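Below is one structure; the comments refer to it alone.
Note that the coordinates shown come from a computational prediction; the quantities given were computed from them, not determined experimentally. So that the names make sense, note that chain A is the first sequence line, chain B the second, and so on, each numbered from 1.
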Amino acid sequence: MSGHRTTAPPPALAVLLFRDALSRANHLIDEARTLADYEYRSPTPPRVATLIQGIVTRGQQSIRDEWCEYQKVTSDEDRARILRNVQVWDSVLRTTGSRLRYIIGASASRVPGGLGLLLETIIQEQGLGDGILLREKWTYNYAVDISPIEQSYRDALGGELDSDQFISLFGSEGSYRNTFAIGFPAIERNNALLHCAIGHELGHIAVERWLTHNYDSDPRVALESRDAATRLSSQPSDGEFELDEWVEIMAATERIRTARRRFLQEYGSDLYAIELFGPAALLSMTSIAMSQELDKEPLIQTDYYPSWRSRLRFALDWLNRDTPDSWISRPTSKNEWAESLASHLHHLDRFLGSAPAVGNPEMAEADRLAKQTLASMGPTIAFDVRATAGSRKQAMDQAYILADRISRLTPPNDIGSDQRQPEYPMLWAILNAGWLYTIRENEKSNHELVRGGASEGVVNRLILKALGDVIVMRDFRRFLEQGEPA
Amino acid sequence: MHDTKQFMAMKYAFVTNRVLRAISCLRSGRSLAPDAIESFDLAAKLLLEMRRGAALVAGSTVQLGYSAESIPAAARALGVIERLSLASRASQVHTLLESFDSNLQILARGSKLEAAKLDALEQFIRALNQSLTEEVTQATLGKALEKPENVGP
């Protein structure tokens with residue numbers, strides 16, 4: 001070995017990259033075409049499959065164009081440049097291709113109907129977007145792609161395609177749709193109670209919008225991060241930096257800025273979930289948190305994920321906040337459901353204790369700055385949710401009635417007393433009824449592993465059925481009143 | 001969050017590639033296509049973000065504006081400048097980025113640039129393109145191969 005490295009690989013190796021990338025593109029186009037013909041519960045998945053097919057076809061053509069150019073150029077640097085561009089296109093293909101798993105996970109047999117309907121309804125009523133690509137995933141977590149699916153590709157390919165190519169792929173500006181992908185753990189497919197955690201994922205969409213409009217372009221955010229980084233490093237804040245000092249300050253500023261934003265995303269999304277789903281959101285979060293380390297500090301390796309204890313503490317305090325229309329209020333008459341819930345929340349409060357101190361100084365600064373921003377972000381997000389979701393107290397009052405129905409193994413889809421003229425409840429009331437029933441049965445069973453009453457499976461089926469019934473009937477009424485197809 | 005950063009890196013990897021292709025065209029005396037001119041403009045926007053982020057972190061009072069991309073862009077620029085040893089002090093970085101930005105704008109207007117300035121610009125954009133490509137490919141493939149569970153017998 002001579003130890004000398006040329007900029008570009010020799011043609012014999014370069015051709016392998018071209019061939020492989022083109023072969024991957026062929027395969028992806030076939031897969032996307034097949035998936036577009038599957039059966040889905042909403043029009044979003046096949047539309048995304050068709051978009052992916054279009055992007056990959058464009059990528060395939062670009063790689064062919066690069067091959068033609070590669071054969072013409074003679075300099076080592078030009079060849080290296082072309083190969084780097086093929087690598088970037090190949091990355092687009094691989095990233096795009098991996099999104100095909102979203103389409104597979106969204107096929108009709110893999111997504112519970114009631115849940116899909118619930119989310120489509122919420123996202124439209126809350127003004128968060130046009131649709132949801134709800135999919136199961138085999139990694140055990142709930143997740144949302146914060147950028148709308150099409151936006152990511154528009155951002156990336158905006159650097160490469162001319163305007164005609166761009167419009168042929170994505171359509172004109174007006175045809176753009178705000179569709180988000182949300183994943184749920186496949187092994188929890190029918191666990192409607194746990195799916196209340198999706199309130200947090202919806203929160204990410206709302207919070208991201210707030211951050212984009214009120215936070216990201218505010219220079220004070222970066223200045224505060226820079227000041228914190230400078231304080232911690234004891235470098236001069238306004239003097240002339242040496243380059244290596246500057247690189248260090250820049251990196252620390254970016255870490256604090258990124259961590260602060262991440263904390264805001266997580267706390268803000270928890271807040272949104274509490275506002276939307278009430279106790280049901282907190283209880284599903286707690287259920288997930290109990291299987292994990294509660295006090296894990298935010299690290300770069302975990303994308304600065306705040307500790308579960310901090311999140312639960314914040315969410316519980318937000319739920320208990322004293323507001324004119326609170327989820328938690330004292331019922332006027334004796335109510336065993338409300339008493340069970342109060343007792344459960346009291347236990348949780350004692351278990352959580354106070355929010356843990358953050359050890360890493362940079363993360364502590366990011367946490368302090370995030371809490372400062374939350375003071376203005378929280379009330380705005382809460383106001384927006386309540387403006388469309390209706391009274392929280394009323395939802396809870398309905399949940400108490402519906403919990404009684406669950407205890408009679410009846411779907412919680414009617415709060416009236418006349419079966420011939422059902423009164424449909426609020427969607428959030430159905431979810432909370434399921435949790436109220438579960439908490440009380442756990443309490444009654446005296447913490448035995450096998451509890452009495454309806455099993456979790458039965459409760460979840462009743463809830464999914466009720467969600468589906470209520471949404472379908474609401475759409476049907478709208479059709480009768482306005483003549484609009486749902 | 002990662003996805004957003006990765007897609008932005010893809011965008012600027014494409015843009016810097018187009019700039020390099022356009023410079024190659026200029027050197028060979030061929031006429032530039034409209035999309036090449038557009039690429040100079042897009043790259044100038046990236047340079048502006050770099051200048052914004054750098055100015056802000058250095059505590060400069062120059063009003064350049066600010067966006068979510070400013071700090072990441074500046075961090076990328078500093079990495080490249082450090083790697084190429086193009087500057088040793090903050091003030092030199094400002095001057096350097098300002099001159100690259102201004103030279104890109106000259107090219108975007110369809111005007112000619114002195115050979116030495118074109119060389120310096122090309123060197124910076126090439127290193128930036130390489131750095132962005134590494135970022136993109138690392139995000140989509142590198143990590144997957146390096147995960148211990150993927151290391152077979």
Side-chain angles (χ1 to χ4, degrees), chain A residues 69 73 75 77-78 80-82 84-85 87-92 94-95 98 145-147 151-153 155-163 211-212 215-219 221-223 225-226 229-230 237-247 249-251 253-254 257-258 261-262 265 303, chain B residues 1-4 6-18 20-21 24 33-35 38-39 42 52-54 56-61 65-72 74-75 78-79 81-82 85 87-93 122 126 129-130 132-134 136-137 139-141 144:
Chain A
E69 198 186 341
V73 299
S75 84
E77 285 187 332
D78 276 339
R81 173 187 62 75
I82 290 169
R84 280 202 298 274
N85 210 40
Q87 285 174 339
V88 176
W89 262 118
D90 194 35
S91 290
V92 171
R94 276 186 266 113
T95 307
S98 74
D145 287 15
I146 296 173
S147 297
Q151 184 65 50
S152 317
Y153 297 122
D155 285 345
L157 300 180
E160 173 74 342
L161 305 180
D162 65 34
S163 53
L211 290 171
T212 304
Y215 178 87
D216 286 340
S217 301
D218 185 346
V221 170
L223 281 173
S225 306
R226 190 280 310 259
T230 311
S237 61
D238 295 318
E240 172 82 353
F241 289 121
E242 293 292 333
L243 192 65
D244 56 347
E245 291 168 345
W246 201 15
V247 168
I249 295 284
M250 182 73 80
T253 301
E254 180 61 351
R257 191 187 73 96
T258 308
R261 197 177 192 283
R262 180 63 194 266
Q265 287 174 324
D303 290 334
Chain B
M1 188 164 64
H2 259 150
D3 272 1
T4 308
Q6 184 193 334
F7 281 114
M8 290 316 286
M10 282 173 180
K11 173 183 173 177
Y12 286 119
F14 281 137
V15 168
T16 47
N17 176 69
R18 281 166 68 188
L20 291 171
R21 194 164 55 204
S24 184
D35 85 297
E38 186 197 48
S39 71
L42 287 169
R52 284 171 164 174
L56 193 135
V57 172
S60 162
T61 52
Y66 174 74
S67 85
E69 287 180 44
S70 304
I71 301 281
L78 277 188
I81 288 170
E82 194 181 30
S85 306
S88 60
R89 299 186 72 77
S91 56
Q92 294 170 329
V93 172
E122 185 181 17
R126 193 178 297 283
N129 176 256
Q130 195 167 347
L132 285 158
T133 307
E134 280 165 14
V136 168
T137 53
T140 54
L141 187 65

Checklist entry - Is the backbone N or O of A:G159 less than 3.5 Å from a side-chain atom of B:R18, with the two atoms forming a donor-acceptor pair by type? => result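 Checked: pair present.
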At what distance, to the nearest 0.5 angstrom, does [atom1] of [X] lie from [atom2] of [Y]?
{"X": "B:S24", "Y": "A:E77", "atom1": "OG", "atom2": "CD", "answer": "10.0 Å"}
{"X": "B:I71", "Y": "A:T253", "atom1": "CD1", "atom2": "OG1", "answer": "6.0 Å"}
{"X": "A:D78", "Y": "B:R126", "atom1": "CG", "atom2": "CZ", "answer": "6.5 Å"}
{"X": "B:K11", "Y": "A:S152", "atom1": "NZ", "atom2": "OG", "answer": "13.0 Å"}

Less than 4.5 Å apart, any side-chain heavy atom of [X] and any of [Y]?
{"X": "A:T95", "Y": "B:F7", "value": "yes"}
{"X": "B:S39", "Y": "A:E160", "value": "no"}
{"X": "B:D35", "Y": "A:L161", "value": "no"}
{"X": "A:D155", "Y": "B:M8", "value": "yes"}
{"X": "B:R21", "Y": "A:E69", "value": "yes"}
{"X": "A:D216", "Y": "B:S67", "value": "no"}

Item to check | Set of side chain to side chain donor-acceptor pair (under 3.5 Å) partners for A:D162, sequence neighbours left out | outcome: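 In terms of side chain to side chain donor-acceptor pair (under 3.5 Å), with neighbours along the sequence ignored, A:D162 is linked to no residue.
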Next on the checklist: Can you confirm whether the side chains of A:R84 and B:N17 place a donor and an acceptor under 3.5 Å from each other?
Outcome noted: no
Can you give me the closest heavy-atom contact between [X] and [Y], atom names plus distance?
{"X": "A:R226", "Y": "B:V57", "result": "NH1-O, 3.2 Å"}
{"X": "A:W246", "Y": "B:A54", "result": "CZ2-O, 3.2 Å"}
{"X": "A:N85", "Y": "B:A13", "result": "OD1-O, 4.4 Å"}
{"X": "A:A222", "Y": "B:L56", "result": "CB-CD2, 3.2 Å"}
{"X": "A:R257", "Y": "B:A68", "result": "NH1-O, 3.7 Å"}

Checklist entry - When you look at A:L243 and B:E82, which way does the side chain to side chain contact (heavy atoms under 4.5 Å, CB included) test go after all the steps? => result CA-CA 7 Å; A:L243 192 65; B:E82 194 181 30; 4.1 Å; yes
Checklist entry - So which of B:L78, B:T16, B:V93, B:I81 has the biggest tally of heavy-atom pairs under 4.5 Å with chain A? => result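 Among the listed options, the one with the most contacts to chain A is B:L78.
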Where does [X] contact chain A at under 4.5 Å (heavy atoms): side chain, backbone, both or neither?
{"X": "B:P34", "answer": "neither"}
{"X": "B:A87", "answer": "backbone"}
{"X": "B:L42", "answer": "side chain"}

Next on the checklist: So which residue, A:E254, A:Q87, A:M250, A:R81, ends up with the most heavy-atom pairs under 4.5 Å with chain B?
Outcome noted: A:R81
Item to check | Heavy-atom pair count under 4.5 Å with chain B, highest-scoring of A:D244, A:T212, A:L211, A:V92 | outcome: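 The residue among A:D244, A:T212, A:L211, A:V92 with the greatest pair count is A:V92.
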Checklist entry - Which bit of A:D218 is near chain B, if near means a heavy-atom gap under 4.5 Å: side chain, backbone, both or neither? => result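 It is the backbone, since no side chain atom gets that close.
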